[in-house]
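Here's the structure, in structure tokens; my notes come after.
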Amino acid sequence: MASLQETGLVMGKNEWFFEEPTVIHGFSAACHLLLLISISFLWFWGRISGRSSGKRGMEQVRFLHYKIATLICVILCLFYMSVFIFDHFWYIDGGGVSYIHLATQVDLGVRAIAWLAISAYLHYCFNPLLETRFPAFLRIWWGFYFLISFFSVLLDLFCYRKLGILGTHMWVLDFVSLFSALLLNYTGFFGKRVEEESNILHESLLNGDIGSNQQLNESESDIGNVSLLTNASFLSILTFSWVGPLLSVGHKKTIDLKDVPQLDDGDRVDGVFPIFKSKLESCTKSSLDSNGSLNSNGTAQISSFQLAKALILAAWGYVLVTAVYALLYTLCTYVGPYLIDFFVQYLNGNQTFEYEGYVLVVAFIVAKFFECLSQRHWFFQLQHVGVRVRAFLISIIYQKGLTLSSRARQGRTTGEIINIMSVDAERISLFSWYMHDLWMVPIQVTLALLILYSSLGLASLAALAATFVVMLANVPLGKMQENYQQKMMESKDTRMKATSEILRNMRILKLQGWEMKFLSKISELRKKETNWLRKYVYTSALTTFVFWGAPTFVAVVTFGACVLMGIPLESGKVLSALATFRVLQEPIYVLPDTISMVVQTKVSLDRISSFLCLEDLQQDAVEKLPRGSSNVAIEVSGGTFSWDPSESPTVKDLNFKVLQGMRVAVCGVVGSGKSTLLACILGEVPKMVGTVKLCGTTTYVAQTPWIQSGKIQDNILFGQEMDLEKYENVLEACSLKKDLEILPFGDQTIIGERGINLSGGQKQRIQIARALYQDADIYLFDDPFSAVDAHTGSHLFKECLLGILASKTVLYVTHQVEFLPSADLILVMKDGKITEMGKYDDIITSGSDFMELVGAHKEALSAIDRMDLANENSINTIEDSSIDTQSSKKTENEEPKDAQNSKLEERDMQKGQLVQEEEREKGRVGFWVYWKYITTAYKGALVPLILFAQILFQVLQIGSNYWMAWAAPVSKDMDPPVSVFTLLYVYVALAMGSSVCILIRAFLLMMAGYKTATILFDKMHFSIFRAPMSFFDSTPSGRILNRASTDQSDVDTNIPSQTGSLAFSIIQLIGIIAVMSQVAWQVFIVFVPVIGISIWYQQYYIDTARELARLMGVCKAPIIQHFAESLSGSTTIRSFNQQSRFICINSNRMDEFSRPKFHSAGAREWLCFRLDMLSSIMFAFSLIVLICMPKGVIDPGIAGLAVTYGLNLNMLQAWVIWTLCDLENKIISVERILQYTSVPSEPPLIVETNRPDHKWPSKGEVDLRDLQVRYALHMPFVLRGLTCTFPGGLKTGIVGRTGSGKSTLIQTLFRIIDPTVGQIHIDGLDISTIGLHDLRCKLSIIPQDPTMFEGTVRTNLDPLEEYTDEQIWEALDCCQLGDEVRKKENKLDSIVAENGDNWSVGQRQLVCLGRVILKRSKVLVLDEATASVDTATDSLIQKTLRQQFLDSTVITIAHRITSVLDSDMVLLLDNGLIVEHDTPAKLLENKSSLFAKLVSEYSMRSSSSYATLDNL
């Protein structure tokens, strides 16, 4: 009793019973003991009654807040156990034990056991399958527990605090109990089981669709099309809880795109575009009214200002709301620095009113709460508006791309237009982050100066001056950075343009052995880019130094001014100033960055607006009449057209009329204007004079096949509904049935980019099938028969033009003279004019130009005539063989067709396709990715140095602030421990030391990041260029370009700073906790669970965020790929009138990208909001601890320092977790690049131990031995056991039906594909034993698809710069292009546009011929080398080849029989097998040979057309 009297615990007569702590602890212990007994009884009853307590079926049931309630109970158990241990040792240290201590120990022990029992009961005994809510006794207990906790807190505040009998840990005990009780009551009230139907709806909400097996009615299934945000409640929106369902699914499984919720209607392209479009039109209309600015096409000019204005007006609601959030955030951030001085004075005992400490704590916490809330919603809405702006810009750029005129299109390469879509649109959407900074910075600086003036008086002017000095120091750095970035982006554009072209033409590069030369070209371009990158990152290091050094510099200047002015430095005022400087750090840093972003955005706006102002196709070029309104289908009167109106006309004086149902043939030599004529009819060529009238709908088959990546069926249907009967008829007419039966998945086979896994003939026939299926009125064919063999060409002409299209209007360009007699009208073109026009019989006798073509063909046929084949026998043989072929075809392919008709699972089908879905890693990013990244440069040697510099910086910075807090007096009446000058000198020394550390750290980090980016780039590109052709066949170029551009940009500039930021933030966080715990170690009691919960939240969030980031990467490539495809096929799209469908596809792909991007932003703010709240709780706890401590226990200045650091605690803790998540999202770029550094490579380019003699091959003899080839392990054999010899120095012709394996054989010869079985020997040397370059450099080829690179005529003929101009001119003359090039102003330096678009297809093929003439190899391969030229030119080329390659082995693949008739040997392939191999004469002697039949058919088809030739 005496001891109690000494401690003041003896109750007076008027004292309340519960003022004795022993009573309240005893009561609490009794209640918890009663609960423990109840739980034990329930457990025992459950055991004897045999109730199931298993957790089976949990995966089908969701019980709201079950996990949270269980987690809280576990945490309370651990918490009470920790306080029990601490209380025990605390009292032992105190030297005695009292009744209060014993009661407390009993209470804490019983509590720990009771909450452990509750946790065990919930986990093992409570079954959510059987219970709809938490047990009633638990909900009652949680309510009772809240009353006990609330009552205890009231006693603490109003009773025990005055008596001074309560330790700090007991304050913590009661407040944590109260907070936990609140949470438990919330879970008890709202916690319930969600039935299985609700779970299905939950899944359908995420999936956006509902499977048929779920058996939901129509009204329920509609929920799947609603976004999570649309129906969210106010509280859910406020706390970002609407993202919860997505995070829940992402935590349970690896999410795919189908799991990501739909966008709100207002965020989809269909909702966004009309709003933005109307605002843009109103802006341009108002400008037009004021100045009447029109471009040459008659449409209003769009300036960058008008575009920016339209964007702002369309999103003005978001702009206004985010401005309010930004202002509220700015005001709240300065509340803390302003109140610190008052807080220090309060701790020093200078209390101005009652409960001042509590009021200050509430003010700190409320300000911090609104700061967090406003910042989170500010950032989310900025990203929200960014998603909308990006969607609109990409949509309007895409739509503009579909309407560009030919001249505008040639002025911009595909790469440049794609850059405008991807880079510039993205940059403008990112500007939303910066749009409020320009007006916020002055407000932030003004508020800071007001706080400084209230604390330091006129010294604040020095702070203002120092702030302006720092800002001015940022200006030149900002300009340098901007300049370097602009140069870097220009260099990157050039590199990406070259990379794109190389990837498109990788096959020809590998065939020619040029890939390493072009890799060195890319490396040179990268060196120019990295030159600017190096300057950029080192300038960024200086900017980082200024950012971190700014608060220190301003503080030194300000405190120095105080010393000079005699203004006393008190700890409260010093700490207030330091906190203000730290807040002022942001606007100092952001302003130059914002100005730089404004300039970059202005550049992007200029680029987009200038693109939108490009010339469109002439709207009045073609007058379109409704179907059936006229008997005239096409009428051109006085037409003169030019691709470039500033130059001479391309075609002129066009006058012709085509009646409905007529077949019109267009013929002429290479470059005469045939393709241009069709383009004029379609309205693609600018019209100078004249009229063009069309009556009805049109379709167009281009000379160069345009095939979309996707299923063959989708290419044929081309947006039309499936009509099975019609579809089958079209397939039959286009000879596609056999091809589809050979393909592993029939018409469901996925075509690679640009039809890479189809032969030229197959691509052309799919094009024709697409046109036939459309059922149009007018059909335009641009030489569609050149890419197919003679038999197939005849079949196509007969079944398509003469059969299905017999009643349609058809215009067809052709070099095959044998197809001309069937035309109702023939147009003969020369030098851009129609020189002769009429029916075949009319112009055959009078037309000199027509006779040139016919004469060349007659000469070619004379070789056949000399063979003296009997037409009658041949006809019979053909008929018999065709019947046999059909029956054998049916028998042979019966099994594949059955297999095709069987129901294949989509997943299994996808596995067998050549083009697979883009691969993406799943689950957590492996540690090896991080390790590989940080150890790539200098084997990680710089990492310890960087960390040491940061730790030293943190120690010195904390030391400098600690020094100021300790050395400055708390108030004027106290003597300072050191002199003012000593205080300042030490502070300056520490500050300078920390600045040097940060400078060293910044440069080391940038050095490591730069080196790593360079190494990864080189490794990836070397791996890609050394990859086999199968890699490029199955990998769309968009995927590679995505890694070379977007992912590489992240590795260049973002990831180094983010990696450093994570490490530095963790070090800072440890420093802050160290400072706070030194003042109030009790902070650790809350810090540990808060950090634990934060990490749990981070782990819960990252599962979804990681996959969303990967989905964004995967969904971006299809947008670029579809855009590139649409640009290259824009003529076909317009001719089919399919613009709206393609715009819709683009919109859908944009929405697919926006979905993960939008929900990624929402998920990030969901996490940050919760982390901010946890940090605020921790900060509030530390404030409560500080005000509850007895006076004099701690130094007020040091306590103020803890508060100063604590103000940044929420931001820093959230920053650590956010940076960790963001780094894991960004490190995916490294992961994706590393994927492509390990692509399996081709065999070695050079085998040093087996290099062939420099004279090899001397004879050129090619020997095939049991050659079996397939493109991939899961695909069928294309060549099935070829054995034959191509004699050296002789000419061998290879013929066969389209898809028979001719081109595959050539690819095997060049080792583009290595044989699965068998060998190829050249002059006795097995080509598989030598290096690829040693092989390919000794062979020459003219490929099936003529390829020209952007550049000049010279660089296209001689890319390796090995030949003189004289040799080049000689080669041009040999390939009939010399005169054409001499006409051009710049001769050999004449410009070649992207893909050679300013040259005709035939001319491009002649350029390829020029290349091989320059090379003069011993083995020459011609793969349809003359398919796109007329017969006369073909004859000249054949003569040239005979002269130039007299002693060479020439292997010719040709569909024109005349091209192979003069061969020494003929090899006939069918379905990958050698059917015949002999001299043409011997094969023709055997009337039953397939070659004889082909020649006979060709002869019959042609001679029937020339019955009148003999009379000429």
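Since the model is a prediction, treat every value here as computed from it, not as a measurement.
- Closest approach of L802 to S822, counting heavy atoms only: CD2-CB, 4.1 Å.
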Could you give me the CA-CA distance, side-chain angles and deciding distance for V813 and F781, then say whether side-chain contact (heavy atoms from CB on, under 4.5 Å) is met?
CA-CA 6 Å; V813 171; F781 292 90; over 6 Å; no
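- Within a 6.0 Å sphere centred on CG of D723, heavy atoms belonging to other residues, nucleotides or ligands number more than 12.
- If you check the side chains of D782 and S675, you find a donor sitting under 3.5 Å from an acceptor.
- K652 meets the side-chain hydrogen bond (donor to acceptor under 3.5 Å, both in side chains) test with no other residue; sequence neighbours excluded.
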Verdict with supporting geometry, M722 and L717, side-chain contact (heavy atoms from CB on, under 4.5 Å)
CA-CA 7 Å; M722 169 61 85; L717 297 182; 4.1 Å; yes
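- Shortest non-hydrogen contact noted between L682 and S1135 is CD2-CB, 3.8 Å.
- Pairing each heavy atom of G638 with each of N655, the nearest pair is N-OD1, 2.5 Å.
- Considering NZ of K674 and CD of Q703, their distance stands at 7.5 Å, rounded to 0.5 Å.
- Side-chain contact between C695 and Q660 is present, with at least one heavy-atom pair separated by less than 4.5 Å.
- Without hydrogens or angle criteria, D783 side chain to T814 main chain gives no donor-acceptor distance under 3.5 Å.
- Y727 and D747 form a side-chain donor-acceptor contact under 3.5 Å, judged by distance and modelled atom types alone.
- Expressed to the nearest 0.5 Å, how far CG of L625 lies from CG of L694 amounts to 8.0 Å.
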side-chain contact (heavy atoms from CB on, under 4.5 Å) between Y779 and L811, intermediate numbers included:
CA-CA 6 Å; Y779 289 80; L811 261 78; over 6 Å; no
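- Using a 4.5 Å cut-off on side-chain heavy atoms (C-beta onward), Y398 and S1126 make contact.
- The side-chain heavy atoms of I768 and C800, taken from C-beta on, include a pair separated by under 4.5 Å.
- Side-chain atoms of Q767 and R770 include a donor-acceptor pair closer than 3.5 Å.
- Between D824 and G661 the shortest heavy-atom distance is OD2-O, 4.1 Å.
- A cation-pi contact links K726 to Y773, judged by a cut-off of 6.0 Å to the six-membered ring centre and 45° from its axis.
- Of all the heavy atoms in L617 and L404, the pair that sits closest is CG-O, 3.6 Å.
- A 4.5 Å side-chain heavy-atom check between I417 and L1127 finds at least one atom pair inside the cut-off.
- In the model, S709 has a side-chain atom that pairs as donor or acceptor with a side-chain atom of E1125 under 3.5 Å.
- Distance check, rounded to the nearest 0.5 Å: CG of N1148 to NE2 of H1122 gives 9.5 Å.
- Heavy atoms only, all atoms of each residue included: A733 and L772 are closest at CB-CD1, 4.4 Å.
- Within the structure, salt bridge (charged side-chain N to carboxylate O under 4.0 Å, His left out) contacts touching residues 1132-1141 (residues at least two apart or in different chains) are E684-R1134.
- D775 has a carboxylate O that lies under 4.0 Å from a charged side-chain N of K808, or vice versa, which qualifies the two as a salt bridge.
- A salt bridge links D616 with K400: the closest approach of a Lys/Arg side-chain nitrogen to an acidic carboxylate oxygen falls below 4.0 angstrom.
- For the pair C680 and K687, the minimum side-chain heavy-atom distance is 4.5 Å or more.
- The side-chain heavy atoms of E799 and E732, taken from C-beta on, include no pair separated by under 4.5 Å.
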Please walk me through it: do E728 and K737 pass salt bridge (charged side-chain N to carboxylate O under 4.0 Å, His left out)?
CA-CA 8 Å; E728 291 292 332; K737 283 199 169 184; 2.8 Å; yes
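- To the nearest 0.5 Å, the span separating CG on L731 from CG on L736 amounts to 6.0 Å.
- By the 4.5 Å heavy-atom criterion applied to side chains, I634 and K657 are not counted as neighbours.
- With no hydrogens or angles considered, no side-chain donor-acceptor pair links Y700 and T1131 at under 3.5 Å.
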From CA spacing to verdict: ring pair (Phe, Tyr, Trp, His ring centres under 6.0 Å), F1142, F718
CA-CA 10 Å; F1142 275 77; F718 208 56; 5.7 Å; yes
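- Looking only at side-chain heavy atoms (C-beta outward), V622 and I681 stay at 4.5 Å or farther from each other.
- Within the 3.5 Å criterion, the main-chain N or O of G832 finds no donor-acceptor partner in the side chain of S672.
- Rounded to the nearest 0.5 Å, atoms CG (L678) and CG (L780) are 5.5 Å apart.
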Could you give me the CA-CA distance, side-chain angles and deciding distance for L677 and L827, then say whether side-chain contact (heavy atoms from CB on, under 4.5 Å) is met?
CA-CA 10 Å; L677 174 65; L827 306 178; 3.9 Å; yes
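- In terms of modelled atom types and a separation under 3.5 Å, the side chain of N729 and the main chain of E725 share a donor-acceptor contact.
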Please assess F797 against Y812 for the test ring pair (Phe, Tyr, Trp, His ring centres under 6.0 Å), listing each intermediate value before the final yes or no.
CA-CA 10 Å; F797 189 80; Y812 59 98; 5.6 Å; yes
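- A side chain to side chain donor-acceptor pair (under 3.5 Å) check over residues 690-699, counting only residues at least two apart or in different chains, returns the pairs R627-T697, T697-D777.
- If you take OG on S735 and CD on Q762, they are separated by 11.5 Å, rounding to the nearest 0.5 Å.
- Under the side-chain contact (heavy atoms from CB on, under 4.5 Å) test applied with R663, the options V810, T809, L825 reduce to a single match, V810.
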